[in-house]
Q: 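This is the structure I want to talk about, given as structure tokens.
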There are 2 protein chains.
Amino acid sequence: METLSRKQEIIVVASRLFKERGYNAVSMRDIAQEMGIKAASLYNHISGKQELLSTLILEVAREFTFGMNRVVKEEVSSIEKITQVIELHIDITVNFSEGLAALNNDWMHLEATDLEGFVKMREDYEENFRIILKQGIEAGEIQSHHPEVMLFSILSTLRTLYVWYQKRGKLDVNLLKKDMVAVLLHGIVPPK
Amino acid sequence: METLSRKQEIIVVASRLFKERGYNAVSMRDIAQEMGIKAASLYNHISGKQELLSTLILEVAREFTFGMNRVVKEEVSSIEKITQVIELHIDITVNFSEGLAALNNDWMHLEATDLEGFVKMREDYEENFRIILKQGIEAGEIQSHHPEVMLFSILSTLRTLYVWYQKRGKLDVNLLKKDMVAVLLHGIVPPK
DNA sequence: AATTCTAACTAACAAGCGTTAGTTTTGTGT
DNA sequence: ACACAAAACTAACGCTTGTTAGTTAGAATT
């Protein structure tokens, strides 16, 4: 078990509070109290509240971008790529669940270049997903109707996963992957 | 076209700002400025900021509860019930998209009895959905594996719909209903 | 014409915000 | 024992927050 630096400890505490109450409802004094120190002392380790947010969000966003770029390059079927994207989301959910909450709920409170960078990454990610779907349709692997609805449905499910994952108390990751792939690819109605 | 009371006008303005920035990032002065008056003047019409939030959220929450209770009572197949729930969500998304944003993002900033009431309604709603799925499984209309994943996937998609609905610029509602039902029930892979 | 109502205003309050400056304590290596 | 750095402290800053009190202008009602 690696020991966390004081700065990392602060980020962990902040991410927990951000997840529970949202960025704007958490004060520096709240974070300090949770760590057993005074608010001013936080500034020995971090440059400000904004750094906490951008550190959390951008770390996770880069993880998504990196993972998606890896999947796109693979030489496999579209179905397999979508499967890998689903698994990517689940892995990130398990490993970065606190940061994911900030990314989903508080990204609009990023400032300047951080905000621009995040929006760009998000758009690119979505566009890559869209291309994968399109290729799958052309190859006949995926239904040709309403591709935008599919894209939106899958992404919505994956993005909300972090809420459920902890409420249900740490499900088995590999089983969850299998189930999610099954439901998202084949729906809920049994084949005739 | 019915004319809005001053109070209703305030609620409309507030809901728009809440959706864009979140409850805590919007001040009473922001709302007042958007209406062309001073913050103190708002208090001639409303009791406080909290009233704006609870009015918005509870109105939508009651709409969900009412709609779900109606669907549950119907004497139709489970598949048909799920279809109706999907349509219910889409109707509410179209008619209450601003309040829906507050409900999704800022419900935790409700206070006391409003918060309790909301959580209760949400749990009941989810439980009703779970029961519908269960009945469908018992009747053989729905796949028997991973019912919790199905529930979570469908609900996630429906709850996030309001974000997409306006980004895509007012799609045709009936077409959207058809497409959503198709994707959520049958997935994205064509039948063999 | 006098009164009441509506909806705005100005001014101010106490509390909380993020952050800075300067100081003191604590722990570590020489 | 001494020096140095890390990490805490106290005190305060300027600003914003939600909200209240008291007042005023105009419209509607009597």
Side-chain angles (χ1 to χ4, degrees), chain A residues 2-58 102 105-115, chain B residues 2-58 98 101-102 105-115:
Chain A
E2 195 141 332
T3 62
L4 296 176
S5 75
R6 206 79 176 110
K7 177 167 177 172
Q8 286 169 320
E9 284 185 60
I10 294 171
I11 292 174
V12 168
V13 167
S15 69
R16 203 187 72 237
L17 296 182
F18 290 167
K19 187 182 65 188
E20 288 167 8
R21 304 179 217 163
Y23 178 72
N24 271 297
V26 175
S27 72
M28 294 303 274
R29 286 165 178 84
D30 291 334
I31 297 170
Q33 189 173 46
E34 205 77 4
M35 298 212 49
I37 62 177
K38 299 289 171 178
S41 307
L42 295 171
Y43 290 81
N44 285 316
H45 308 282
I46 57 160
S47 68
K49 197 184 180 188
Q50 202 30 231
E51 186 195 349
L52 293 174
L53 188 67
S54 61
T55 300
L56 272 168
I57 293 182
L58 293 181
N105 305 321
D106 291 316
W107 62 268
M108 71 284 276
H109 301 119
L110 288 173
E111 289 173 1
T113 57
D114 284 342
L115 178 59
Chain B
E2 196 144 330
T3 62
L4 296 176
S5 75
R6 208 75 176 113
K7 177 167 177 172
Q8 286 169 320
E9 283 185 61
I10 293 172
I11 292 174
V12 168
V13 167
S15 70
R16 204 189 71 235
L17 296 182
F18 289 167
K19 186 182 66 188
E20 288 167 7
R21 304 178 218 164
Y23 179 71
N24 271 297
V26 175
S27 72
M28 295 302 274
R29 286 165 179 84
D30 292 334
I31 298 170
Q33 189 173 46
E34 204 78 3
M35 298 213 46
I37 61 177
K38 298 289 170 177
S41 306
L42 295 170
Y43 289 81
N44 284 317
H45 309 281
I46 56 160
S47 68
K49 196 185 180 187
Q50 186 60 210
E51 186 196 350
L52 293 173
L53 187 68
S54 61
T55 300
L56 272 168
I57 293 181
L58 292 181
E98 323 280 343
N105 304 322
D106 291 315
W107 63 268
M108 72 283 277
H109 301 119
L110 289 172
E111 288 174 359
T113 58
D114 285 341
L115 179 58

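Keep in mind it's a predicted model, so treat the numbers as computed, not measured. Below, chains carry the letters A, B, ... as their sequence lines are ordered, and counting in each starts from 1.
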Q: Would you say the side chain of B:Arg29 and the base of D:dG18 hold a donor-acceptor pair, judged only by whether the two atoms sit under 3.5 Å apart?
A: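 When only heavy-atom distances are counted, B:Arg29 does reach the base of D:dG18 through a donor-acceptor pair under 3.5 Å.
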
Q: To the nearest angstrom, how far is A:Met28 atom CE from D:dG14 atom C1'?
A: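 Taking atom C1' of D:dG14 as the reference, CE of A:Met28 is at 17 Å.
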
Q: Show your reasoning for whether side chain to side chain contact (heavy atoms under 4.5 Å, CB included) applies to A:His45 and A:Met35.
A: CA-CA 13 Å; A:His45 308 282; A:Met35 298 212 49; over 6 Å; no

Q: Could you tell me how far apart B:Tyr43 (OH) and D:dG18 (P) are, to the nearest whole angstrom?
A: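 Going from OH in B:Tyr43 over to P in D:dG18 covers 7 Å.
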
Q: Does this structure show an ion pair linking B:Glu51 with B:Lys7, if we count only N-O contacts that are shorter than 4.0 Å?
A: yes

Q: Do B:Leu110 and B:Gln50 have side chains that get closer than 4.5 Å, going by heavy atoms?
A: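 B:Leu110 vs B:Gln50: side chains touch.
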
Q: Starting the side chain at C-beta, find the nucleotide from D:dA8, C:dA8, C:dT19 nearest to A:Lys49.
A: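 Taking heavy atoms from C-beta onward, the closest nucleotide is C:dT19.
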
Q: By the 4.0 Å heavy-atom rule, please label A:Ser41 as base, sugar-phosphate, or nothing.
A: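 If one applies the 4.0 Å heavy-atom cut-off, A:Ser41 turns out to touch a base.
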
Q: Please find the pair of heavy atoms, one from B:Ala25 and one from B:Asp30, that lie closest to each other, and give the distance.
A: O-OD2, 3.9 Å

Q: Expressed as a whole number of angstroms, how long is the span from A:Asp30:CG to C:dC17:P?
A: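 Computing the A:Asp30:CG to C:dC17:P distance gives 6 Å.
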
Q: In whole angstroms, how far is the P atom of C:dG18 from the CD atom of A:Gln33?
A: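 The distance from CD of A:Gln33 to P of C:dG18 comes to 13 Å, rounded to the nearest Å.
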
Q: B:Leu52 has an atom CG; how far is it from atom C1' of D:dG18, in whole Å?
A: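 Spelled out: CG on B:Leu52 to C1' on D:dG18 is 12 Å.
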
Q: Send over the distance from A:Ile37 CD1 to D:dT10 P, rounded to a whole Å.
A: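 To the nearest whole Å, that distance equals 12 Å.
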
Q: Confirm from the modelled atom types if A:Asn44 and D:dA8 form a donor-acceptor pair under 3.5 Å, side chain to base only.
A: yes

Q: What is the separation between atom CG on A:Asn24 and atom C1' on C:dG18, rounded to the nearest whole Å?
A: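 Checked: the CG to C1' distance equals 12 Å.
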
Q: Checking B:Met28 against B:Ile46 for the side chain to side chain contact (heavy atoms under 4.5 Å, CB included) test, could you report, in this order, the C-alpha distance in whole Å, the side-chain angles of both residues, the deciding distance, and whether it holds?
A: CA-CA 11 Å; B:Met28 295 302 274; B:Ile46 56 160; 3.8 Å; yes

Q: If the cut-off is 4.0 Å, is A:Ser27 near the phosphate of C:dG16, judged by side-chain N/O to OP1 or OP2?
A: no

Q: May I ask you to verify if any side-chain N or O of B:His45 is less than 4.0 angstrom from the OP1 or OP2 atom of C:dA8?
A: yes

Q: How long is the line joining CD1 of A:Ile46 and C1' of C:dG18, in whole Å?
A: 10 Å

